[in-house]
2 protein chains.
Amino acid sequence: MDKHDRISPAVIRRLPKYYRYLGELTKMGINKTSSRELSEMTGFSASQIRQDLNNFGGFGQQGFGYDVENLRNEIAKILGLDNKYKIIIVGAGNIGQAIANYTGFYEADYEVVALFDKNPKLIGMSIRNAMIMDSDDLEDFLEKEKIDIAVICTPKSVSQQVAEQLVRCGIHAIWNFAPKDLKMPENVHVENVHLNESLFSLTYYYNRMNKEKSKNE
Amino acid sequence: MDKHDRISPAVIRRLPKYYRYLGELTKMGINKTSSRELSEMTGFSASQIRQDLNNFGGFGQQGFGYDVENLRNEIAKILGLDNKYKIIIVGAGNIGQAIANYTGFYEADYEVVALFDKNPKLIGMSIRNAMIMDSDDLEDFLEKEKIDIAVICTPKSVSQQVAEQLVRCGIHAIWNFAPKDLKMPENVHVENVHLNESLFSLTYYYNRMNKEKSKNE
DNA sequence: TAGATTGTTAATCGATTAACAATC
DNA sequence: TAGATTGTTAATCGATTAACAATC
């Protein structure tokens with residue numbers, strides 16, 4: 001299993017896509033697939049798919065292909081989707097609430113156990129069995145409950161400070177929606193969802209297309 | 001300007017980050033910077049930063065560095081942040097509403113002009129000056145209004161169909177929040193925000209850390 | 001068996017980093 | 001001028017693709 005140590009992030013980012021497409025095949029009642037077929041679905045090359053999977057072991061059968069359900073289970077195991085995760089959301093504004101309602105959490109055993117905000121109007125409200133609590137109670141809460149993942153949906157002005165508080169309370173995995181890079185110790189993993197970078201990138205390509213179009217006229 | 005044609009996506013994804021940090025420098029009243037300083041802030045190497053910027057022209061002064069405000073303006077121009085963009089959001093559920101409230105739109109001249117949903121309970125509601133309209137009126141609306149960017153926040157079951165409708169009505173830029181890859185013609189640019197892939201990736205690294213920790217004990 | 005497709009090594013490609021001449 | 005830092009070319013690194021032997 002030592003191989004795992006040096007898997008490139010690019011590979012890890014492709015695994016969820018394989019997982020998703022294998023799920024679609026399962027739903028369609030298809031139980032056998034090949035790197036060629038997965039290539040057509042995902043847009044990645046067949047060669048790359050075989051390389052990716054072989055980072056973790058040989059899941060296929062030469063001359064035959066891959067068993068859909070087996071491969072899907074193996075990827076689930078690699079990603080850790082066979083475990084349970086308790087989640088809290090810090091910041092219960094628009095994005096925080098939307099994340100609390102996020103149906104993607106049902107794809108594995110993720111449970112949002114609480115939200116935190118300092119707005120008194122929000123405190124006490126519930127979203128899908130999770131209550132919005134006072135931010136002042138965050139540290140006490142984390143002392144009692146073993147939380148796996150914290151989601152940061154606060155304004156960027158306080159995101160660094162919130163992150164440091166979370167880490168002090170033992171959090172090692174942060175899903176960060178605040179448009180700011182968090183400076184964190186090495187043993188904390190931060191996954192950023194920086195909407196502004198995504199939107200700006202889209203804007204660039206939109207303009208580039210328009211320029212090309214007007215050039216061809 | 002033909003250079004623009006072949007800029008790698010990796011470069012484009014870094015530009016918004018440069019832009020953001022230059023904004024922070026401006027706010028701090030700092031008007032001169034260097035690739036070394038930007039490197040410390042962004043975590044990218046100084047060499048890479050110089051390479052990236054020189055894809056678009058020489059914005060610096062040898063022996064001196066970069067003028068913060070000038071460089072920021074140049075990047076804004078490259079990304080197209082000096083233009084106006086009209087946006088619609090299709091799907092006014094949790095995520096759609098959160099996006100309508102997204103304050104990042106104020107960082108440039110983005111305007112959400114309408115949302116669309118087929119839920120009668122939502123139709124007629126307003127979010128920050130944008131009304132939620134009946135999805136049945138989407139095509140009529142697009143005929144009358146010139147829209148630049150469409151955001152897809154529908155369930156994944158209808159996202160492909162919605163995207164095709166948008167493209168038929170002349171949309172070329174899609175910000176896709178549905179957890180599904182859209183099959184689109186070449187002249188349509190899709191920027192995906194696939195939360196499930198981000199969450200699964202976070203889950204992988206969280207587990208890897210835990211495995212390493214328990215190994216060292 | 002013949003055909004198919006994996007697993008894996010080698011070749012290619014592209015992106016990042018290093019180095020340094022140009023020059024402010 | 002001397003010092004500093006860019007712009008740019010060359011070297012390195014890593015990721016993707018191609019090729020093919022292994023084998024079901």
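Sequence lines set the chain letters: A, B, ... in the order given, protein chains first and strands last, and positions in each chain run from 1. Hydrogens, waters and symmetry mates are skipped; everything else that's a heavy atom, side chains included, is used.
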Considering the options Asn94(A), Ile99(A), Leu115(A), which one meets the side-chain contact (heavy atoms from CB on, under 4.5 Å) requirement together with Cys153(A)?
Ile99(A)
Strictly below 4.0 Å: does Gln61(B) bring a side-chain N or O up to OP1 or OP2 of dT6(D)?
no
Go through the N and O atoms of the side chain of Ser47(A) and the base of dA18(D), and report whether any donor-acceptor pair is under 3.5 Å.
yes
So does Ser35(B) get a side-chain nitrogen or oxygen closer than 4.0 Å to the phosphate oxygens (OP1/OP2) of dT5(D)?
no
Send over the distance from Asp52(A) CG to dT17(D) C1', rounded to a whole Å.
12 Å
Separation of dT6(C) atom P from Asn55(A) atom CG, nearest Å, is 16 Å
Toward the 5' end of DNA chain D, by each residue's nearest nucleotide, Gln51(A) or Gln62(A)
Gln51(A)
Within less than 4.0 Å of OP1 or OP2 of dC24(D), is there a side-chain N or O belonging to Tyr66(A)?
no
Rounded to the Å, how far apart are Arg36(A) CZ and dA18(D) P?
16 Å
Only one of Leu182(B), Val151(B), Thr154(B), Val162(B) passes side-chain contact (heavy atoms from CB on, under 4.5 Å) with Asn176(B); say which it is.
Leu182(B)
Report the base-pairing partner of dC13(D) (Watson-Crick or G-U wobble, both distances below 3.5 angstrom), or none.
dG14(C)
Test Tyr66(A) against every option in Ile49(A), Leu22(A), Thr33(A) by the side-chain contact (heavy atoms from CB on, under 4.5 Å) rule and name the one that passes.
Thr33(A)
When the aromatic ring centroids of Tyr102(A) and Tyr110(A) are compared, is their separation below 6.0 Å?
no
Write down the distance between CD1 (Ile7(B)) and P (dA15(C)), rounded to a whole number of angstrom.
10 Å
Quick one: label Phe44(B) by what it contacts on the DNA or RNA (base, sugar-phosphate, nothing), any heavy atom closer than 4.0 Å.
nothing
OP1 or OP2 of dT9(D) less than 4.0 angstrom from a side-chain nitrogen or oxygen of Arg50(B), does that happen here?
no
Can you tell me the distance, in whole Å, between the CD1 atom of Ile49(A) and the C1' atom of dA15(D)?
15 Å
Side-chain N or O of Ser34(B) versus OP1/OP2 of dT5(D): is the shortest distance under 4.0 Å?
no
Phosphate-side-chain proximity, Arg14(A) and dA15(D), N/O vs OP1/OP2 below 4.0 Å
no
Please give, in whole Å, the distance from dT5(D) P to Leu53(B) CG?
16 Å
Salt bridge Glu40(B)-Arg36(B), side-chain N to carboxylate O under 4.0 Å
yes
Gap between atoms CZ and P, on Phe64(A) and dG7(C) respectively (whole Å)
12 Å
Across every strand shown, the nucleotide meeting Watson-Crick or G-U wobble geometry with dA22(C) (both distances under 3.5 Å) is dT5(D)
Rounded to whole Å, the CG-P distance (Asn54(B) to dG7(D)) equals 5 Å
